[in-house]
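So the structure is just underneath, and the comments pick up after that.
Every value quoted in this text rests on a predicted model; they were computed, and no experiment measured them. Order of the sequence lines sets the chain letters (A, B, ...), proteins ahead of strands, with each chain counted from 1.
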Amino acid sequence: MRPFLQSEVYIHDMVKIKRSSDFKNVYRYGKSISNQYIVMYYLENNLGINRVGFSVSKKVGKSVIRNRYKRLLYENFRLLDRDLFKGYDIIFIARNKIIEADFYMVGNAMRRLLTKSSLYMVNK
RNA sequence: CGAGUAAGCCAGAUGGUCGCGUACUAUAUGUACGAGGAAAGUCCGAGCUCCAUAGGGCAAGGUGCCGGGUAAUACCCGGUGGAGGUGACUCCAAGGAAAGUGCAACAGAGAUAUACCGCCUGCCACUUAACUCGUUAUUAACGAAUUAAGCGGCAGGUAAGGGUGGAAAGGCGAGGUAAGAGCUCACCAGCAUCCAGGCGACUGGAAUGCUCUGUAAACCCCACCUGGAGCAAGGUAAAAUAGGAGGGAAUGAUAAGUGGCCCGCUUAACCCUCGGGUAAAACCGCUAGAGGUAUCAGGCAACUGAUAUCGUAGAUAGAUGACCAUCUAAAACAGAACUCGGCUUAUAGACUUGCUCGUAAU
RNA sequence: GGCCCCGUGGUCAAGUGGUUAAGACAUCGCCCUUUCACGGCGGUAACAUGGGUUCGAAUCCCGUCGGGGUCA
């Protein structure tokens with residue numbers, strides 16, 4: 001795994017998972033949790049920061065649709081990231097039913113998953 | 001006013017808060033720029049890169065009225081012919097079936113030539129009728145010959161008519177004939193030759209000759225075009241047990257490049273020497289290009305030329321989003337991935353212009 | 001992103017212009033059996049889609065849609 005120095009990390013920067021091996025690692029060893037719109041995988045990474053990846057299957061729609069829901073997932077995660085415990089790799093996978101949801105419904109679904117997985121600092 | 005037809009244009013805007021990619025700098029509360037008309041399908045054509053500076057032959061594939069435009073095209077423009085529409089106008093893979101081969105199910109007598117029915121002629125047999133002759137005889141009977149009609153058979157002529165079929169030997173009329181037939185004639189249709197016009201497709205005209213099924217998005221013939229692969233090409237640095245560099249041997253046989261085959265070309269192996277520890281990433285290619293806009297000139301037009309002016313994405317888990325306010329309600333199809341020219345397909349709503357037809361008024 | 005292949009009943013599939021689209025499994029009904037299975041008889045059910053060529057198209061040509069493979 002690539003060395004990642006602590007000094008490069010800014011507090012509110014979003015770090016994305018880019019390597020195929022990282023994705024496979026999370027899928028293989030991480031825990032999964034889901035609801036009707038989203039599937040979430042998460043795994044401790046011992047880096048002190050959160051890294052996030054998004055995946056939208058071709059079955060969801062054409063490229064415009066897929067890009068839009070990736071952005072909606074990204075934007076919602078960006079708004080929630082500051083209230084999360086740090087040190088996890090998280091992957092969100094959109095399910096087919098997500099095309100029925102708008103921005104707020106995606107955000108609520110994501111918040112419920114993060115609360116259920118105890119990553120969300122509710123009391124802050 | 002209504003209906004229609006053709007062409008063009010836009011593809012939410014403005015403001016605020018948070019956020020993303022690239023470039024730059026004075027390095028931070030920074031500045032600038034940041035998806036489409038189809039970015040799509042990947043159907044054509046090119047640039048570019050590698051393989052011979054892309055070579056020869058066969059095969060295979062594509063295009064297919066004519067002329068022009070273009071880097072090129074299967075695209076575009078103008079024309080010809082055909083089809084549709086009252087019209088504006090639209091559509092057409094539109095060479096050759098008279099070079100040859102194949103196929104044409106079922107139906108039908110017969111499918112590229114036929115003779116089933118029918119019509120006509122001749123011969124034979126039978127029946128009937130008429131008339132004549134002979135024998136017996138009162139009418140009448142029998143026999144023979146001739147003629148006519150009918151039915152049947154045989155031989156021949158015919159392609160008018162029948163009914164099938166997508167298609168049946170050019171159409172229709174008259175003459176003609178035993179019956180018929182382009183057999184002959186008039187008109188019409190088509191083909192060949194000729195003359196005139198046009199760069200040409202083709203158009204017009206007279207005479208002579210001829211009458212030919214369809215199918216080439218069946219094989220084929222003719223004319224023209226096409227070498228293969230694709231930015232995951234390819235290169236730089238780095239690099240192994242498989243990769244690289246240098247030198248030698250060999251010019252046979254083998255393998256690879258070469259992705260239809262053969263020839264040709266290039267490289268490799270076989271030996272010796274050098275150097276070297278990572279597994280999937282980094283960088284280049286990567287955006288200024290057959291570019292856009294305006295004016296003038298040429299051209300019916302597509303387009304071309306000159307001048308001026310503009311600066312316009314470059315990601316690599318892949319950059320444009322979220323929310324609020326106003327515009328009546330912000331919504332259609334849809335996301336660059338090397339680039340460009342076309343085609344095809346998808347598309348809410350809004351706008352502009354030309355033309356045609358109908359109705360009414362003047 | 002590039003390149004290529006394939007779509008025939010519920011499933012597997014034959015069919016390369018011509019009569020009603022072959023067959024197997026599955027399914028439905030009847031018979032057989034005390035019942036089930038096996039077996040026998042019969043039925044339902046399809047050329048992805050839109051055009052074109054042709055007298056005639058699952059087949060030939062073009063477009064669209066869907067599915068799959070491959071290339072570092």
Inset, instruction - Nearest 0.5 Å please: distance from the CD1 atom of A:Ile99 over to the OH atom of A:Tyr69. - result: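 Between atom CD1 of A:Ile99 and atom OH of A:Tyr69 there are 7.0 Å.
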
Pairwise [atom1] distance, [M] and [N] [rounded to whole Å]:
N      : M      : atom1 : result
B:A104 : B:C219 : C1'   : 16 Å
B:U90  : B:C355 : C1'   : 14 Å
B:C76  : B:U356 : P     : 27 Å
B:G34  : B:C338 : P     : 23 Å
B:A315 : B:C20  : C1'   : 12 Å
B:G198 : B:G204 : C1'   : 12 Å
B:C221 : C:G1   : P     : 43 Å
C:C6   : C:C47  : C1'   : 14 Å

Roughly how many Å is it from [atom1] in [X] to [atom2] in [N], rounded to a whole number?
X        : N      : atom1 : atom2 : answer
A:Phe103 : B:C18  : CZ    : C1'   : 10 Å
A:Arg68  : B:C333 : CZ    : C1'   : 16 Å
A:Leu79  : B:G19  : CG    : C1'   : 9 Å
A:Arg78  : B:A322 : CZ    : C1'   : 8 Å
A:Leu80  : B:A322 : CG    : P     : 16 Å
A:Leu73  : B:A319 : CG    : P     : 13 Å
A:Lys62  : B:A336 : NZ    : P     : 11 Å
A:Phe54  : B:G19  : CZ    : P     : 16 Å

Legend entry - Bracket string, RNA chain C, 5' to 3' - pairs by Watson-Crick or G-U geometry under 3.5 Å, | interstrand: ((((((((.[[[..)..(....]]].(((((.......)))))....[[[[[..)....]]]]]))))))).

Is a side-chain donor or acceptor of [X] paired with a backbone partner of [Y] at a separation under 3.5 angstrom?
X       : Y       : result
A:Asp81 : A:Phe77 : no
A:Tyr74 : A:Phe54 : no
A:Asn50 : A:Gly87 : yes

Name the pairing partner of [N], where a pair is Watson-Crick or G-U wobble with both distances under 3.5 Å, or state none.
N      : result
B:C300 : none
B:A140 : B:U136
B:U309 : B:G292
B:A13  : B:U326
B:C126 : B:G150
B:C65  : B:G79
B:G36  : B:C333
B:A93  : none

Legend entry - Closest approach of A:Leu73 to A:Met110 (non-hydrogen atoms, all atoms of both residues):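 Result for this residue pair: O-CE, 3.5 Å.
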
Legend entry - side chain to side chain donor-acceptor pair (under 3.5 Å): pairs with one or both residues in residues 93-108 of chain A, sequence neighbours excluded: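 Pairs touching residues 93-108 of chain A that pass the test: A:Asn108-A:Arg111.
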
Inset, instruction - Please evaluate the base of B:G19 for a donor-acceptor partner in the side chain of A:Glu75 within a cut-off of under 3.5 Å? - result: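 No, the side chain and the base share no sub-3.5 Å donor-acceptor pair.
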
Legend entry - Distance-only donor-acceptor test (3.5 Å): side chain A:Arg71, base B:G19: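 No such pair is found, so the answer is no.
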
Hey, are the side chains of [X] and [Y] touching, using non-hydrogen atoms and a 4.5 Å cut-off?
X        : Y        : answer
A:Phe92  : A:Val106 : no
A:Asn35  : A:Ile38  : yes
A:Ser117 : A:Met40  : yes

For [N], measure the glycosidic angle (O4'-C1'-N9-C4 for a purine, O4'-C1'-N1-C2 for a pyrimidine) and name it syn if it falls within 90° of 0, otherwise anti.
N      : answer
B:U267 : anti
B:A35  : syn
C:G23  : anti
B:G182 : syn
B:A113 : syn

Inset, instruction - Mind checking ring-ring contact (aromatic ring centres under 6.0 Å, His included) for A:Phe85 and listing every partner two or more places apart, or none if nothing turns up? - result: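 ring-ring contact (aromatic ring centres under 6.0 Å, His included) list for A:Phe85, sorted by chain: empty.
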
Inset, instruction - Please work out if A:Tyr104 contacts a base, only the sugar-phosphate, or nothing of the nucleic acid, heavy-atom cut-off 4.0 Å. - result: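 Sugar-phosphate contact only.
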
Legend entry - Position toward the 5' end of RNA chain B (nearest nucleotide), A:Val64 or A:Gly53: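 Between the two, 5'-proximity favours A:Gly53.
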
Inset, instruction - Please figure out whether A:Lys70 or A:Asn67 has its closest RNA chain B nucleotide nearer the 5' end. - result: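 It is A:Lys70, whose closest nucleotide lies nearer the 5' terminus.
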
